[in-house]
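Numbers restart at 1 for each chain; the letters A, B, ... are given by sequence-line order, proteins then strands. Since the model is a prediction, treat every value here as computed from it, not as a measurement.
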Amino acid sequence: MTIEEIKEIIQLLVETGVAEIEVQRGENRVWIKGASSGQDTQISLMPASPASPNSSVPYSAAQLPSPSLPSTPLPPIEDNLPVIKSPIVGTFYEAPSAGTPPFVKAGDTVQPGQVLCIIESMKLMNEIEAEAPGVIVKKLVDNGKPVEYGEALFIYRPL
Amino acid sequence: MTIEEIKEIIQLLVETGVAEIEVQRGENRVWIKGASSGQDTQISLMPASPASPNSSVPYSAAQLPSPSLPSTPLPPIEDNLPVIKSPIVGTFYEAPSAGTPPFVKAGDTVQPGQVLCIIESMKLMNEIEAEAPGVIVKKLVDNGKPVEYGEALFIYRPL
Amino acid sequence: MFDKVLIANRGEIALRIICACKELGIRSVAVYSEADRNSLHVRFADEAVCIGPAKSAGSYLDIPSVISAAEITNVNAIHPGYGFLSENADFAEVCQMSGITFIGPRPEVLKLVGLKQSAREAMKTAGVPVLPGSEGILKSAGEALSVAGKVGYPVMLKASAGGGGRGLRVVHSGDDLPNLYSQAQTEAAAAFSCGDLYLEKLVQDPRHIEFQVLADLHGNVEILGERECSLQRRHQKILEEAPSPSVSPQLRQTISETLAGAMRDVGYTNAGTVEFLMDQQGNLYFIEVNARIQVEHPVTEFVTGVDLVKSQILIAAGEPLEQILDSPVAIRGHAIECRINAEHPETFAPSPGRLTALNLPGGIGVRVDTAAYTDCVIPPYYDSMIAKLIAYGHDRAEAIARMRRALDTFVIEGIHSTIPLHQKILADPDFLAGNFHTNYLSNKNWGQAAVSPG
Amino acid sequence: MFDKVLIANRGEIALRIICACKELGIRSVAVYSEADRNSLHVRFADEAVCIGPAKSAGSYLDIPSVISAAEITNVNAIHPGYGFLSENADFAEVCQMSGITFIGPRPEVLKLVGLKQSAREAMKTAGVPVLPGSEGILKSAGEALSVAGKVGYPVMLKASAGGGGRGLRVVHSGDDLPNLYSQAQTEAAAAFSCGDLYLEKLVQDPRHIEFQVLADLHGNVEILGERECSLQRRHQKILEEAPSPSVSPQLRQTISETLAGAMRDVGYTNAGTVEFLMDQQGNLYFIEVNARIQVEHPVTEFVTGVDLVKSQILIAAGEPLEQILDSPVAIRGHAIECRINAEHPETFAPSPGRLTALNLPGGIGVRVDTAAYTDCVIPPYYDSMIAKLIAYGHDRAEAIARMRRALDTFVIEGIHSTIPLHQKILADPDFLAGNFHTNYLSNKNWGQAAVSPG
């Protein structure tokens, strides 16, 4: 691998905001970790508000009044499992109506098309369905709470 | 991998802000980690104005009207030899008076205390003396030209 | 007064409105797309809700998402800013039905002034000068030919629902008219789902001049002078000033009085702008109403001392104008705004990307409205404006000198910007002499500006 | 008019003066120490000369270096800013001898007003109210005892050449006086090479109020209203406003008229500030003349519309005041300045270092004077001010609301700043009521402010 090629890779790193890259060609190997500026690119894709005080997010929450509504504090993703996100803004309901049991609970196996919850938006009840078979690992939002676009609703394990 | 190539990689590291890099070629391997804060400090000590267009100095000369007086464009230091700098602001004279030969010229060996040039400041003629024995390699300022504090006047080779 | 206001916009205008809310002690809710997660309007609002993906059709333009965000955050009112949903009568109507105050005119007034031909009729009735042209919508190319014969060529065919130059054709002779008529009709139908056209006399090399309106809920209307917006590229304003170097105090007063009556007659409320063309004899002709806060509102704020965005909120909350404004509002000094866009200064090619270095000018007489910061990313999804740079002076010469030094100390690296173009304009003898019109930039060959006036 | 001006200063004031030069079409020369190589004043001046090492004694305070820089760049004039050489009569004299215009008062006037006791005498003669105290320099502790007995305790012993609290002692009874007298004398001699002392009655919990003066080379003097500078920590101003909430129009007019005569009598020229203490009955007493532009000049600029730094340059170039100022200069609205220092907001411990993130507030009614940028370094060698944040409003309430939102959107990371202290002040009922004096901060226990008034 020539210096020119390495330069190109670094350029890519800086431009795309990729954090680390490792390239191996036969016996040649290069490993690069983007730094302060490379990290920034990553930061620009991170959730804005729940920055921990020691993070290097441009404007850290420590010095700023953080918005009271959580701007998508991405939940700790247990074991790197995927999440089911809200496709709309609205109010989350776990059950068809008050007093009835929830559509799903942790441990349930769900099939494609199965209703997982309702998001109420402009008085309309939107049923959110499972897209693939899986097991619900955890419900992330409390009943009746507002959710943003893209907010994680459930952690699930695909089957 | 030659030292020259390693130098180039380090240069790249400094310019792009990459944090770490590892390059392996066959049995050769080099791993470099940029000094997170040290790196910045280094940049902040770089000359501000004569920044080359591809440098990462905060505001590059390419996009800015550069000051017409050279803000100490550190001259190319030939073979990494030391320079003798001006201790004051003023006008540089290579000779005691017009028409007389210069105090020193390239190739001259100078002794401590020997006068190298005059810097005129507020009508006062300040004689600049050699501090250590050496050979003058190059005069960097033209006769009668203004010099800043810290501006390089001569390149010399210590004896 | 409102407790909490949602700002249905992004960028500098969202931040501008958040600042107005903070000054009034009102809590603010930002909405944002996934591309704007790290934006300053998200950072500085009291609350923020992600409403959709980067593309504005699914976020900033999506009425259900915006209304849902307003409902889950329990706001009293929505400020729409400019662009996006700001002049959307449907949106204003949904707000009304949802019990949320829309900070802008009533839906029916938005509808009236949004249709160019009906706005023109209303203004004409109230005595505001309009361009000679068709009475209402043209029924056929034949009618267009007959009207054009009466007002004299060249004429313009315009889409009634139009904007941005779509459905617009310049006609130089009757021979070309039938062809151009059907082209314009097809284009208008495709762009606005409405092929209605009308016809107006073409003004050669016009100036673009607009008057700022504030109207409260109690029938009081105040005109806060005019702005000169003739410097445009591709029908987009690039540099604005107040007052106009070509409007006399007499003309200002006459138009202001007529306009105040006209806006009262149509039931206009909140802030708005009435746009005029000025011909080479100095006559003004109404062209359209912009029923929202304008990008260039700060030049009016500088010369009148009125905070237009705070005024919008106060008006929507029911405050009468005499509580909001000094009486009488005086015009003092001169202000210029340069739009600093993420564009190549010569080709106007968009230049989105990361600002690797940023130095904002400051000091006396200089105002910057921006949501940019060092290391922020200008996304490719929205308009290209990075910042508005506004300079004020006792007179036009001082404002120009201030603007020049502000441009000299404005540093943007990492992307191209229109700063060099503005530096060229502010050194140009024609600009300095106030000698320009809407074709100024294209005549100078500065950038690839379109030739037809807007 | 000058072709080229050298700015013998650094930081925001150097940039402020460069901006004024640019607006007047004058070329500017920056000087800088090795620590300031990457400063914006170096970047934006037309030329820049390194004049010495980081420590100011060898650079910004070194007269031969500054004069040499002026000579090799062929400037017509030097603007000294504030601090450093700005009130140094020797420097002004060297400028004169070198054929360079010093933008400030004449050397002999600098000398006169620089000695507190002679300034006090001159003011007293012209009818400006001064504090009861000694007539001229005290000859002995015995004379001090006798004067103190007449004016009544507590009294203050002050160094004639003094400043910054050195050589200053508060005396509560005659028993303490002899000891404190010799302490003050020793301190003054060490600090200023002059042990001369004088004595004044101590005003309890005074307000600090100062009047802005402009005087041309033709004997015309204009007083541009006052500034309220009572909010101090360790004798250093931290927040200033104009006008003062405690000066009535009548008092302003009376003092202005008397002051104009006094400044004309002493042959004062260029910009200057006359500082007063106000006692709890609202009486003003002269304390000293600051013969330079003040840090807090922007609040006066906001309420008068006068560009004080441009005025300084025009005055030095011989322009008469009637060409520079509107006549009469009116005071409109209210302005507040917060000094944003690189200090811990509670301990006031200096906090030099790199600004890792910076967001400057902007928008309507907000002005920022700063030389800071993202990633710049605040060096430990000079004063700790990073930025001046100034907010303007129609009235004090609006100015306060603007300042609050400006502070809320001002982001500095990497070092500590006084932003949180200002946020506390601007939310404090006593401040909002205009109910404060120079001991306000120490009484609140906000920071370790010294107890004795300045």
Practice item. Can you sort out the partners of C/Arg16 under salt bridge (charged side-chain N to carboxylate O under 4.0 Å, His left out), two or more places apart, ordered by chain and number? Key: C/Glu301, C/Asp307
Check your understanding: With respect to chain C, which residue among D/Cys19, D/Ala401, D/Gly362 yields the maximal number of heavy-atom pairs within a distance under 4.5 Å?
Key -> D/Cys19
**Study point:** Partner set under side chain to side chain contact (heavy atoms under 4.5 Å, CB included) for C/Pro320, not counting sequence neighbours
**Key:** C/Asp216, C/His218, C/Glu322, C/Gln323
Study note, to complete from the structure: Honestly, the part of D/Glu12 sitting under 4.5 Å from a heavy atom of chain C is neither
Practice item. Would you mind reporting whether D/Asp375 and C/Thr374 have side-chain heavy atoms less than 4.5 Å apart? Key: no
Study note, to complete from the structure: Smallest heavy-atom separation, C/Arg367 atom then D/Ile364 atom, equals NE-N, 3.3 Å
Practice item. State, to 0.1 Å, how close C/Asn359 and D/Leu40 come at their nearest heavy-atom pair, and which atoms those are. Key: OD1-CD1, 3.2 Å
Check your understanding: Which heavy-atom pair separates C/Val411 from D/Phe44 by the least distance, and what is that distance?
Key -> CG2-CZ, 3.8 Å
**Study point:** Distance (rounded to the nearest 0.5 Å) between D/Leu24 CG and C/Glu398 CD
**Key:** 9.0 Å
Point to revise | Separation between OG1 of C/Thr409 and CD1 of D/Ile18, rounded to the nearest 0.5 Å | key: 10.0 Å
Revision key, fill the gap. Under 4.5 Å to a heavy atom of chain D? For C/Lys388 that would be neither
Revision key, fill the gap. Honestly, the part of C/Val309 sitting under 4.5 Å from a heavy atom of chain D is neither
